[in-house]
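Structure first, commentary second.
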Amino acid sequence: MNFTYTSKWLFQKIFAILFLIASFYTVYSLYGLELQNYDVITGWFKNYLNSFSVLVMFSAIILHSNIGLSSIIDDYIHEESLKQKIILIKNFFFVVLFFITIFSLVKLNL
């Protein structure tokens, strides 16, 4: 699906707001925890609201970055075949990063 520059700009701002909200919640909920203790951190991740906030935060970061890098690629790469290769590599990288995030959160919750 192709988006206009206006919709890309709007989505990028929405993802930035989601990232900020999830970041504030994550930092607030981590305040006062003993962060050097592995059991405390894994216990924190076992709370589904905490895991969900981390998932939202990383998803928003990934989507925000994807839109931003696409804009940079569109602006500065003019050769169409090279642009398509770079976009393919970028999208593959972000999909792998998203799956690593999901699998890590699932592993921490089991």
Side-chain angles (χ1 to χ4, degrees):
M1 177 183 332
N2 288 333
F3 294 105
T4 64
Y5 288 113
T6 305
S7 61
K8 286 181 182 180
W9 180 85
L10 183 62
F11 280 127
Q12 195 168 24
K13 301 311 172 208
I14 289 170
F15 292 137
I17 291 169
L18 283 172
F19 163 62
L20 282 174
I21 292 170
S23 296
F24 285 139
Y25 172 78
T26 303
V27 169
Y28 177 75
S29 65
L30 284 171
Y31 182 76
L33 290 180
E34 186 183 344
L35 298 179
Q36 289 80 20
N37 190 340
Y38 178 78
D39 294 329
V40 170
I41 297 300
T42 55
W44 183 85
F45 275 105
K46 293 212 183 284
N47 181 337
Y48 290 116
L49 183 60
N50 294 339
S51 291
F52 181 73
S53 72
V54 171
L55 178 64
V56 168
M57 184 174 61
F58 276 96
S59 298
I61 290 169
I62 289 168
L63 292 169
H64 179 83
S65 301
N66 192 4
I67 293 170
L69 283 174
S70 292
S71 297
I72 292 169
I73 291 167
D74 286 341
D75 288 345
Y76 293 105
I77 306 295
H78 302 293
E79 186 180 329
E80 199 60 38
S81 64
L82 179 62
K83 185 187 295 188
Q84 294 302 320
K85 290 175 187 173
I86 292 172
I87 288 174
L88 182 67
I89 292 168
K90 172 192 66 79
N91 289 339
F92 176 76
F93 172 74
F94 282 124
V95 167
V96 168
L97 199 59
F98 182 71
F99 280 117
I100 288 171
T101 302
I102 289 176
F103 290 136
S104 298
L105 288 171
V106 168
K107 175 90 169 125
L108 282 168
N109 278 307
L110 293 180

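Other members of the hydrophobic cluster containing Ile17, listed by chain and number, are Ile21; membership follows side-chain contacts under 4.5 Å among ILVMFWY residues, whether direct or relayed. Residues Val95, Phe99 make up the rest of the hydrophobic cluster containing Phe103, defined by ILVMFWY side-chain heavy atoms closer than 4.5 Å, directly or through other members. The hydrophobic cluster analysis finds Tyr48 isolated: no Ile, Leu, Val, Met, Phe, Trp or Tyr side chain comes under 4.5 Å of it, directly or through other members.
Both Phe19 and Ile102 belong to a single network of hydrophobic side chains, linked directly or stepwise wherever heavy atoms of I, L, V, M, F, W or Y lie under 4.5 Å apart. Hydrophobic clustering places Phe98 together with Met57 (ILVMFWY residues linked when any side-chain heavy atoms are closer than 4.5 Å, directly or through intermediates). Hydrophobic cluster membership is shared by Ile67 and Ile14, with clusters built from Ile, Leu, Val, Met, Phe, Trp and Tyr side chains linked at under 4.5 angstrom. Ile87 and Leu69 are members of different hydrophobic clusters when ILVMFWY side chains are connected at heavy-atom separations under 4.5 Å. When hydrophobic clusters are built by joining Ile, Leu, Val, Met, Phe, Trp and Tyr residues whose side-chain heavy atoms come closer than 4.5 Å, directly or via intermediates, Tyr25 is not grouped with Phe45.
Of all non-hydrogen atoms in Ser51 and Asn109, the two that sit nearest each other are OG-ND2, 3.0 Å. Contact between Asn50 and Trp44 at its shortest, heavy atoms only, is ND2-O, 3.0 Å. Ala22 and Ser53 get closest at one heavy-atom pair: CB-O, 3.5 Å.
For the salt bridge (Lys or Arg N to Asp or Glu O under 4.0 Å) condition, the pairs that include at least one residue of residues 7-19, sequence neighbours left out, are Lys8-Asp74. Within the structure, the side chain to side chain donor-acceptor pair (under 3.5 Å) test picks out the following pairs touching residues 84-95 (sequence neighbours left out): Asn66-Lys90, Ser70-Lys90, Glu80-Gln84.
Taking CZ from Phe52 and CG from Asn47, the interatomic distance works out to 12.5 Å, rounded to the nearest 0.5 Å. Separating the CZ atom in Phe24 from the OG1 atom in Thr26 is a distance of 11.0 Å, to the nearest 0.5 Å. Leu55 CG to Leu105 CG: the interatomic distance, rounded to the nearest 0.5 Å, is 6.0 Å.
Counting only heavy atoms from C-beta outward, the side chains of Leu35 and Val40 never approach each other to under 4.5 Å. Contact check for Phe92 versus Leu88: no side-chain heavy atoms found under the 4.5 Å cut-off.
Judged as a side chain to side chain contact (heavy atoms under 4.5 Å, CB included), and not counting sequence neighbours, the contacts of Ser104 are Ile100. Not a single side-chain hydrogen bond (donor to acceptor under 3.5 Å, both in side chains) links Ser23 to another residue, sequence neighbours left out. Listed by chain and residue number, Ile77, Glu79, Ile86 satisfy the side chain to side chain contact (heavy atoms under 4.5 Å, CB included) test with Leu82 (two or more places apart in sequence, or in another chain). Qualifying side-chain hydrogen bond (donor to acceptor under 3.5 Å, both in side chains) partners for Thr42, counting only residues two or more places apart in sequence or in other chains: none. Legend: residues meeting side chain to side chain contact (heavy atoms under 4.5 Å, CB included) with Leu63, ordered by chain and number and at least two apart, are Phe15. With sequence neighbours left out, Ser65 forms a side-chain hydrogen bond (donor to acceptor under 3.5 Å, both in side chains) with no residue at all. Among residues two or more places apart in sequence or in another chain, the side-chain hydrogen bond (donor to acceptor under 3.5 Å, both in side chains) test is passed with Thr6 by none.
Heavy-atom contacts from other residues, nucleotides or ligands closer than 6.0 Å to CZ of Phe11 number 12 or fewer.
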